[in-house]
Amino acid sequence: MTDQSSDQPGEERGGTTRRRALMLGAVGASAVVSIRPALAQTQASVINCEIPVPDAGRAGSYIAADGSIVPAGTPGAFPPASLAFKGEDVKTALAGGQLPGTTYEQNQAYVKYIRRLQSGTSGFTCFASLQMPRG
Amino acid sequence: MGFRVGSDWRAPIAELERLYAGYPQPEDGIPDFTVRLFAARPWRRWLRPAVTLGGDFVLPDAAPLPLAQGLLAAEMAMNLQMALGQRRYLLLHASAVERDGCAVLMTGLSGAGKSTLAALLGARGWRLMGDEFALVDPATGLVHAFPRLVSLKNAAIDVVRAALPEARFGPLLAGTPKGDIRHLVPDAEAVARMAEPAQPALILFPRFGFDAAERGLGPSEVFVRLTQASTNYVALGERGFEAMTRLVREVPARAIDYPDADSAIAQVETLWSAL
Amino acid sequence: MAERLYRAVPADALRIVPLDDFTLIFHRPSGLSHLVTAPAPEILELLEQGPLTRAALLARLGERFELADASVEALDARLGELVATGLVEAA
Amino acid sequence: MERAVSRDATLLVQALRDPTSVAALDAQGWTALIAMARAEQLIGTLAHRLDGVAMPAAAARILADARGSAIEQRRTAVWEAEAARRALAGVDTPVVLLKGTAYAAAGLAAGQGRSIGDLDILMPRRTLDVVERALLDAGWEWVKPDPYDDAYYRHSMHELPPLIHRERDRMIDVHHTILPLTARVTPDAEALIADSIALENGLRVLSPEDMICHAAAHLFADGDLAGGLRNLWDIHCLIGEFGVAGLVDRARRHGLSAAVARAARLAHALYATPVPERWRKLSYTDRLYRRRLLARDGWGRPTRRLTRFGFYLRSHWLRMPPAMLARHLWTKWRKGYRPV
């Protein structure tokens, strides 16, 4: 169904047989723009969302160097972050920056923890939205 | 659109009661959405009280706000219900003002000045329909008003106070995630006529901080920009498509750059009289 | 792989609104909207008349239009985009 | 009335079970019902159930919106299944749809008005590598950047790590069985696939008995029973539509006899699902489950909040009903009721 008659200017106009020029375009070009569903995670909300390390269900546990959650006091592991990290901070950290108030090794461990977040864990939606840059 | 707001603290409710005093109750006593402001941890009610946003529709992991910004939290939570849950109208993140039954919609990124312009036009004889959301009825194409507190940020606060010395304002909320915020209470006309829809007549994409300029936009650019400004375009399916294509085909659209409010108002009035 | 047939969705599954350089297509089965530009509307129009192989499609495009840059790779890229949206099905 | 009815989700269950029961609701009752239904992801189902029942105009508008929204969700879900079918056309086994998408695609009562989130599909375990490759080629992406060292899903779970489509923002969960591999119960995944039923478009759904078995497994798989009322409504509809013939044998084969029996008892107790006599009486433990399932108040808040940690807190329920504690903590400034 066409809402408006789709005329084809140039195509056999006035009885001539001159064909309309058409470019297929470069391989890397694009002829289709799809309208994406609006995600709940708008830009503003990403900046305003946060990720606790570790999540509230395991508050007090330590974070090992590989990002796993270990009992409090485990040697070589890092104590929980005192405040949840903001989406912006995590975004920077994922790009190679450092989470505020962390040492180098602590930052590495926290970032690994964040990367391992599972759906359903607090902070996951925030993290997932950071992984999906809007076009 | 009516809301029910519950809070673990009295203060945000008291502020809402004061600022929304003249507003009608929800029809049949049944609000469209429920909003809750709560302490995520019991001790957060008293100890560095932090307001978590809740309600029918929520964003997981949203950062809580300090209790001093409870009014902002309430407004954000209500807006969130609209952004995530509105399915009756095509929702455009736009401000709207009306004159003679026709509406100007203004949309743009945060900081474009849509709230400020709507407030200032409201001071010049236009009816304020809303500063945050414009609701387009897919069945009629008409814009419905959503005249909530006008959220003014930073420098805009003094600009609007100067233009509307008699108006009522909420408390100054300093240091929010968006800077300083102060809410303007819509005037009596905006509240009294909130049930009156208007014919969309002009769509503007304002941009603050540039030399005055304006340009037309092709329909496909308008379409893309409006879908980006809508939180429920895709969710509405074909009804959204109908409403959006109607807007794009029937309503003229202009992008305007402006260096200050006076110049923007002049641009809008000029464009309006040329319609 | 070489002789895949490309098939367009039935016309009644679409709402097509030409805007400017872009044509707006609403795809009813998905509820999604796509803005497409040349040569996508032309490809869709040809495929509406019946499924075609890539080679046949390229030939038909060549009959109807003056193709300045006819290449299988470019057509593949365009078909790939249309397949990704579901406006064209490859079988 | 409102105080009594909105203390837990009995109000919602009652409205689903007997649509005429809403005739007794006042404005507060309606408000509570709507908030509960939204929180339990049952607003579309409720709207469908109450279609045509007399109610205040404001409630009718909200439910009409919910019906419209459910129709769009259904369209999106069914299309997502079709997109997966196209993407996986090169895999030599057909795609078996699970849960909400299956109900919608098969046109079952359980799908009417149902909210549908992710696409869940069941594929044989041996095909997972091919499936993964095909989905990645067709525009799905890992939700996480480095899933390859994420052994958790691959070795412990019953699914691939979640993938999301980069254009449509829809998640797909590819299961190779219906319970985590770590669970003591190991359903017969091959039988699930072998006995699945083809739909017109080549997609498949589980057989009726397997659908019920899976719905029961799914209901109890999450320790905290999140979304339990919705999942139980699925079971109610499936049993109502298909009956229970062959169900006991099938459940035994999957090691799901206890889950299916409990699900049937709870469905009967809450939704008056027609079930055989032996499933009409709740055990003591069943009552705890019912208590958990109904833990939602008229503001849409989870009550009995401690249950979020799962059933290891069950003992606490006996000593101090969490609802009492939660209400105690939460209800002080509940009076604010502002229209805007």
Side-chain angles (χ1 to χ4, degrees), chain A residues 1-49 87 91 94-95 115 117-120 124-135, chain C residues 9-28 30-46 48 54 57-58 60-88:
Chain A
M1 159 168 166
T2 301
D3 290 37
Q4 189 173 293
S5 69
S6 157
D7 60 329
Q8 297 274 341
E11 191 185 341
E12 299 186 300
R13 185 190 290 159
T16 71
T17 53
R18 192 172 64 82
R19 293 170 302 166
R20 180 159 70 98
L22 186 70
M23 298 282 285
L24 293 184
V27 170
S30 181
V32 179
V33 180
S34 297
I35 304 302
R36 304 167 61 111
L39 250 203
Q41 293 86 354
T42 60
Q43 205 54 33
S45 67
V46 168
I47 291 164
N48 206 36
C49 75
K91 204 170 172 177
L94 291 172
R115 286 187 192 280
L117 280 174
Q118 301 293 335
S119 171
F124 176 77
T125 316
C126 184
F127 170 66
S129 65
L130 295 173
Q131 301 306 307
M132 295 183 274
R134 311 279 91 200
Chain C
V9 292
D12 63 3
L14 302 178
R15 295 276 305 268
I16 299 173
V17 182
L19 289 178
D20 37 43
D21 287 346
F22 283 89
T23 298
L24 177 57
I25 299 181
F26 181 78
H27 179 232
R28 286 194 168 116
S30 64
L32 293 175
S33 309
H34 309 280
L35 279 167
V36 302
T37 189
E42 291 79 2
I43 291 173
L44 285 173
E45 207 182 315
L46 280 176
E48 285 299 347
R54 187 180 60 184
L57 175 60
L58 192 56
R60 295 285 277 279
L61 283 168
E63 287 163 19
R64 278 191 73 173
F65 302 101
E66 194 71 56
L67 289 183
D69 60 347
S71 82
V72 170
E73 292 74 20
L75 182 58
D76 263 354
R78 299 294 83 81
L79 281 170
E81 288 184 274
L82 290 169
V83 168
T85 59
L87 293 171
V88 168

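Keep in mind that the numbers below use all heavy atoms, side chains included, and drop hydrogens, waters and symmetry copies. Here the structure is a predicted model, which is why all the values come from computation and not from measurement. Convention: sequence-line order gives letters A, B, ...; per-chain numbering from 1.
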_Criterion side-chain contact (heavy atoms from CB on, under 4.5 Å) against A/Ser34, the qualifying member of C/Leu35, C/Leu32, C/Val36, C/Thr85_ =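 The option that passes is C/Thr85.
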*With A/Val32, which of C/Leu82, C/Leu87, C/Thr37, C/Ile25 fulfils side-chain contact (heavy atoms from CB on, under 4.5 Å)?*
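It is C/Leu82, the one option of C/Leu82, C/Leu87, C/Thr37, C/Ile25 that forms the side-chain contact (heavy atoms from CB on, under 4.5 Å) with A/Val32.
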*Kindly write out the residues that satisfy side-chain contact (heavy atoms from CB on, under 4.5 Å) with C/Pro39, not counting sequence neighbours, or none if the list is empty.*
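Applying side-chain contact (heavy atoms from CB on, under 4.5 Å) to C/Pro39 gives A/Leu22, A/Leu24, A/Ala31, C/Glu42, C/Ile43, C/Arg78.
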_I'd like to check the ring pair (Phe, Tyr, Trp, His ring centres under 6.0 Å) partners of C/Phe22; sequence neighbours left out, ordered by chain and number._
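Checked C/Phe22 against ring pair (Phe, Tyr, Trp, His ring centres under 6.0 Å); zero matches.
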*Which bit of C/Ser71 comes within less than 4.5 Å of chain A, counting heavy atoms only: side chain, backbone, both or neither?*
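When you check distances to chain A, only backbone atoms of C/Ser71 fall under 4.5 Å.
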*Checking heavy atoms, do the side chain of C/Leu79, its backbone, both or neither come under 4.5 Å from chain A?*
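The answer is neither part of C/Leu79.
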*Measure from the side-chain N and O atoms of A/Arg19 to the backbone N and O of C/Leu67, and report whether any donor-acceptor pair falls under 3.5 Å.*
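Checked: no pair found.
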